[in-house]
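Have a look at the structure below, then the notes.
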Amino acid sequence: MKITDAKVIVTCPGRNFVTLKIYTNKGIYGLGDATLNGMEKPVVAFLENYCIPALIGKDPQNTEDIWHFFYRGIYWKRGSVAMTAISAIDMALWDIKGKVLNTPLYNLIGGKSRDKIMVYAHANGVNLDDTILKAGIEKEKGFRAIRIQSGVPGIADTYGVAKDSKFYEPAHKGLPHTEYWDTAKYLNYIPRLFEKVRETFGSDIHLLHDVHHRCTPIEAARLAKELEPFHLFWLEDPVSGELQEGLRLIRKHSTTPIAIGEVFNSVYDYSTLITEQLIDYIRMPLSHGGGITHLKKITDFASVYHINTGFHGATDLSPVNLAASIHFNMAINNFGILEFMPHQDLVHEVFKINYKFEEGFLKIDDTPGIGVDIDEEKASKYPYTMASLPVNRKSDGTMFYW
Ligand code: CS2
Ligand code: MG
């Protein structure tokens, strides 16, 4: 079997998505998600100018060798752009493998360990009362786990919390805009917020919170410690994690579980965190972290250290990634939870999906491969629109480290 061609489809049904489509001489094609929010075009360029020409003629069934060809074979290793491209290639090849063997992806990586995947919703409110209201709406929809984010008193723009509170989209049209941050105000407010949320919803619901890398290790340790009474399911990205040793400080002070790594892209970002058991959940998604081939190795490694998955699943990851993530988490033993932010309806005009939400869980059908398809005619109706994630400054104007 041979790869005969591949192309990159860029579409913007409400937001940008990049999809890699790999063709074979057997009339079977595979799809991979190559979307990197705000950096779509660099991934397209890398795929078109380097990866696709190198793929032609290779046997698509050799997923292990092709993965190493692009990861280890390339002298200039890693980086989010290259790893997103490699992830898309790997995902598309596993899609092809499933279609060739006429079986859903989960069967290729261990079969079913469970029938459904527990997911968490987002509740983003402009202030405390609005956040409680939004959390109540998600609870009503049947979610058993809710991520609580809120505008912080005294901070004009809080990352990911829309002022008009319509839907979650941290990227804004055009070049990066600037947001301003004040850690002291944030740290004073968040424990009060969770106290109120627990008081309102009781102890049964799982609560999560994302710090978006905005604390230093000692600040994160304080936050994790002060949130302890409210029994979070996890505290996400309390620090950037680039300094892996920084997580030791948080662990020393608190039993709040920690999730990290939506911006990571290699097992080497995780090695200290895993072997020293400094975290509890792996956030790195299939579409940025090297695809199924790499994440299978990392999650098996993590499993030895009692660390579970909690993959990134914001709306800037496409339905192809979401479906692949459901298959993956159905199969592995150390599944924890999956992030689920439903895409806007327009997205489902372009992508035909094979999963559905039911009472707090996602279920997927047994279509061979990943099971999601793209309608290219519909995709062409929505041209790419430049959008960027914000940069962050302290209130005195200093660029903020995150
Ligand atoms: C967030 C993301 O879902 C999350 O946990 O951190 O929404 C993230 O900010 C975006 O995916 C960035 O593109
Ligand atoms: Mg996050």
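Atoms within a ligand are numbered from 1 in the order they appear, just like the ligands themselves.
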Using the test ring-ring contact (aromatic ring centres under 6.0 Å, His included), find all partners of Phe301 that sit at least two apart in sequence or belong to another chain.
Tyr305
Could you list the atoms of ligand 1 found under 4.0 angstrom from a heavy atom of Asp210?
1 (C), 4 (C), 5 (O), 6 (O)
Side-chain donor/acceptor of His172 to backbone N/O of Leu389, under 3.5 Å:
no
Closest approach of Tyr281 to Pro257 (non-hydrogen atoms, all atoms of both residues):
CE1-CB, 4.2 Å
If you compare all heavy atoms of Cys215 against all heavy atoms of Tyr186, which two are closest, and at what distance to 0.1 Å?
SG-CE2, 4.3 Å
For Ile28 and Lys99, work out which heavy atoms get closest and say how close.
CG2-CB, 3.8 Å
Need the ligand 1 atom indices (1-based, order shown) with element for anything under 4.0 Å from a heavy-atom of His212.
1 (C), 6 (O), 9 (O)
Is the shortest N/O to N/O distance between Asp316 and ligand 1 below 3.5 Å?
yes
Ion pair check, Glu376 and Lys21, cut-off under 4.0 Å:
yes
Hey, which atoms in ligand 1 end up nearer than 4.0 Å to a heavy atom of Arg147?
1 (C), 3 (O), 4 (C), 5 (O)
Where Gly14 and Leu346 come nearest, the two heavy atoms and their spacing
N-CD2, 3.9 Å
Glu236 near ligand 1, heavy-atom distance under 4.0 Å?
yes
For atom 1 (C) of ligand 1, tell me which residue out of Arg15, Met39, Glu262, Glu339 has the closest non-hydrogen atom.
Glu262
Between Arg222 and Glu226, is there a salt bridge with N-O shorter than 4.0 Å?
yes
What is the OE2(Glu236)-the Mg ion (ligand 2)-OE1(Glu262) angle, to the nearest 10 degrees?
90°
Any N/O/S atom, backbone or side chain, of Asp210 lying under 2.8 Å from the Mg ion (ligand 2)?
yes
Considering heavy atoms of the protein only, find what lies nearest to atom 12 (C) of ligand 1 and give residue, atom and distance to 0.1 Å.
Tyr159 OH, 3.6 Å
Please write down residue, atom name and distance for the protein heavy atom closest to atom 7 (O) of ligand 1.
Tyr168 OH, 2.6 Å
Out of Leu317, Asn37, Leu36, whose heavy atom sits nearest atom 13 (O) of ligand 1?
Asn37
